[in-house]
**Q** 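Input: one structure, supplied below.
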Amino acid sequence: MSEKDRHRWDQKYDQAQPAETLRADDWLVDTLKNTPPGRSLELACGLGENAVWLATRGWQVDGVDVSARGLSVASRLAARHGVTPRLITADLDHFVPLQNVYDLVVVFRFLDRGRLPGPITEALAPGGLLIYETFGPGQCDRHDNHLKNPAFVLATGELPDLFPNLEIVRYEEAVLPDRSVSRLVARHPVPVE
């Protein structure tokens, strides 16, 4: 990401306030219903609602975002809920997560086909889950589409192909009230002994 991108995100979050009601993304909540907490990493965590939600459910959370202003809002949200996720200001073009330690990696509304699949796969512990949701087929055709660059939208069936070394648990493409998405749950294989 360029300095221009960092500045753009800081500007976007400049006047943001912590959410009044903590609400994580539905795909995350639905997927983790019966999953015991462990160590998690959220990439491009923005204002931190997913990261804080995870922390309130006992997860040890590392949340990474390029915007220090967004993470400042996330920090205030976390304080309001009595949790302390580790919030890391970093450019995902260069960020290298810890390897083989995360029971969960979460990504929402962010896509970097060339960069992220490798570090995500390497970050997951054996048996760890990836929960990923981003803009998918049909997003650019919506009347409420805000994306200016179609390169930030996945093609039909593309998301699972980005993670060939993971076992697909669940995949779907969905039209939601405010966006069209591709959704993936995948597991890092446990080595056979």
Side-chain angles (χ1 to χ4, degrees), residues 1-17 19 23-28 30-31 40-51 53 62-74 77 87-97 104-124 130-166 168 170-186:
M1 228 177 233
S2 67
E3 191 58 36
K4 180 180 175 184
D5 290 327
R6 180 188 309 270
H7 180 69
R8 179 174 56 88
W9 284 106
D10 277 344
Q11 279 190 313
K12 178 179 178 174
Y13 295 141
D14 194 38
Q15 301 301 315
Q17 296 297 318
R23 182 181 160 103
D25 280 281
D26 292 339
W27 184 245
L28 179 65
D30 181 57
T31 302
S40 66
L41 170 66
E42 184 180 10
L43 299 173
C45 69
L47 300 176
E49 289 188 73
N50 287 333
W53 181 85
D62 292 342
V64 182
D65 199 89
V66 71
S67 174
R69 290 185 185 157
L71 292 179
S72 174
V73 174
L77 180 65
L87 301 173
I88 304 162
T89 304
D91 182 339
L92 292 179
D93 285 349
H94 307 288
F95 176 74
V96 178
L104 173 67
V105 175
V106 176
V107 184
F108 278 82
R109 291 177 291 281
F110 184 80
L111 178 62
D112 184 338
R113 292 171 178 89
R115 167 80 175 110
L116 280 190
I120 287 172
T121 302
E122 292 165 4
L124 284 167
L130 167 63
I131 299 176
Y132 204 132
E133 178 186 291
T134 197
F135 301 104
Q139 177 63 35
C140 290
D141 299 327
R142 296 175 63 104
H143 73 281
D144 59 352
N145 178 48
H146 68 283
L147 294 176
K148 301 199 181 359
N149 187 344
F152 296 127
V153 177
L154 291 161
T156 300
E158 181 182 3
L159 188 54
D161 291 341
L162 295 177
F163 297 95
N165 297 325
L166 300 183
I168 306 308
R170 189 170 161 201
Y171 176 70
E172 65 183 52
E173 295 170 359
V175 176
L176 305 178
D178 63 341
R179 63 194 184 279
S180 296
V181 297
S182 293
R183 296 169 153 176
L184 174 68
V185 178

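Just so it is clear, the model here is predicted, and its values are computed rather than measured.
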**Q** Of Leu176, Val107, Val185, which meets side-chain contact (heavy atoms from CB on, under 4.5 Å) against Glu133?
**A** Leu176

**Q** List for me each residue that meets side-chain hydrogen bond (donor to acceptor under 3.5 Å, both in side chains) alongside Asp30, sequence neighbours excluded, and say none if there are none.
**A** Lys33, Arg170

**Q** Would you say the side chain of Leu162 lies within less than 4.5 Å of the side chain of Ile120, judging by non-hydrogen atoms?
**A** no

**Q** Can a donor-acceptor pair be found, under 3.5 Å and without considering hydrogens, that links the side chain of Asp62 to the backbone of Ile88?
**A** no

**Q** Please name the pair of heavy atoms, one in Gly48 and one in Ala74, separated by the smallest distance, quoted to 0.1 Å.
**A** CA-CB, 3.7 Å

**Q** Does the side chain of Leu77 reach to within under 4.5 Å of the side chain of Leu47, using non-hydrogen atoms?
**A** no

**Q** Can you name the side-chain contact (heavy atoms from CB on, under 4.5 Å) partners of Pro97, sequence neighbours left out?
**A**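 Expected list: Leu41, Phe95, Tyr102, Pro119, Ala123.
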
**Q** Locate the shortest heavy-atom distance separating Val64 from Ala90; write the atom from each residue and the value.
**A**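 Closest heavy-atom pair between Val64 and Ala90: CG1-CB, 3.8 Å.
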
**Q** With rounding to the nearest 0.5 Å, note down the distance linking CZ in Arg183 to CG in Leu28.
**A** 11.0 Å

**Q** Among all residues two or more places apart in sequence or in another chain, which pass the side-chain hydrogen bond (donor to acceptor under 3.5 Å, both in side chains) test with Gln139?
**A** Asn145

**Q** What pairs with Phe108 under ring pair (Phe, Tyr, Trp, His ring centres under 6.0 Å), at least two apart in sequence or on another chain?
**A** none

**Q** Return the minimal non-hydrogen interatomic distance between Cys140 and Val153, and the atom names on each side.
**A**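 That would be SG-CG2, 3.7 Å.
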
**Q** Taking the side chain as every heavy atom from C-beta outward, state whether Trp27 and Val181 have any pair of such atoms under 4.5 Å apart.
**A**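 No. Closest side-chain heavy atoms not under 4.5 Å.
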
**Q** Quick one: which of Leu184, Leu124, Leu116 gives a side-chain contact (heavy atoms from CB on, under 4.5 Å) with Phe163?
**A** Leu184

**Q** Partners of Asn149 by side-chain contact (heavy atoms from CB on, under 4.5 Å), sequence neighbours excluded?
**A** Ala151, Phe152

**Q** Using the test salt bridge (Lys or Arg N to Asp or Glu O under 4.0 Å), find all partners of Asp112 that sit at least two apart in sequence or belong to another chain.
**A** none

**Q** Answer whether the closest heavy-atom distance between the side chains of Leu43 and Tyr132 falls below 4.5 Å.
**A**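 Counting from C-beta outward, Leu43 and Tyr132 never come under 4.5 Å.
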
**Q** Rounded to the nearest 0.5 Å, how far does CG of Leu154 lie from CG of Leu159?
**A** 5.5 Å

**Q** Indicate every side-chain donor-acceptor pair of residues 65-73 with a distance under 3.5 Å to a residue at least two apart or in another chain.
**A**
| from | atom 1 | to | atom 2 | distance (Å) |
| --- | --- | --- | --- | --- |
| Asp65 | OD1 | Cys45 | N | 3.3 |
| Asp65 | OD1 | Gly46 | N | 2.7 |
| Asp65 | OD2 | Ser67 | N | 2.9 |
| Ser67 | OG | Asp10 | OD1 | 2.6 |
| Ser67 | OG | Arg69 | N | 3.3 |
| Ser67 | OG | Gly70 | N | 3.0 |
| Ser72 | OG | Arg76 | NH1 | 3.3 |

**Q** Could I get the full list of side-chain contact (heavy atoms from CB on, under 4.5 Å) partners for Glu173, not counting sequence neighbours?
**A** Pro137, Thr156, Tyr171, Ser182

**Q** Holding to side-chain contact (heavy atoms from CB on, under 4.5 Å), I want the full list of residues that pass it with Arg23, two or more places apart in sequence or in another chain.
**A** Asp26, Glu49

**Q** Can you tell me if Ser180 uses its side chain to pair, donor with acceptor, with the backbone of Val175 under 3.5 Å?
**A** no

**Q** Which residues satisfy the side-chain hydrogen bond (donor to acceptor under 3.5 Å, both in side chains) test with Asp144, sequence neighbours excluded?
**A**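 Scan of Asp144 (side-chain hydrogen bond (donor to acceptor under 3.5 Å, both in side chains), adjacent residues dropped) gives Arg142.
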
**Q** Within this structure, what is the NE2-CG distance for the pair His143 and Asp141, rounded to the nearest 0.5 Å?
**A** 12.5 Å

**Q** Are Trp53 and Glu42 close enough that some pair of their side-chain heavy atoms sits under 4.5 Å apart?
**A**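 No, too far: nothing below the 4.5 Å cut-off.
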
**Q** Could you give all pairs that pass the salt bridge (Lys or Arg N to Asp or Glu O under 4.0 Å) test and reach residues 157-166, with sequence neighbours left out?
**A**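 Found Arg113-Glu158.
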
**Q** Rounded at 0.5 Å granularity, tell me how far CD1 in Ile131 sits from OG1 in Thr31.
**A**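 Reported value, rounded in 0.5 Å steps: 4.5 Å.
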
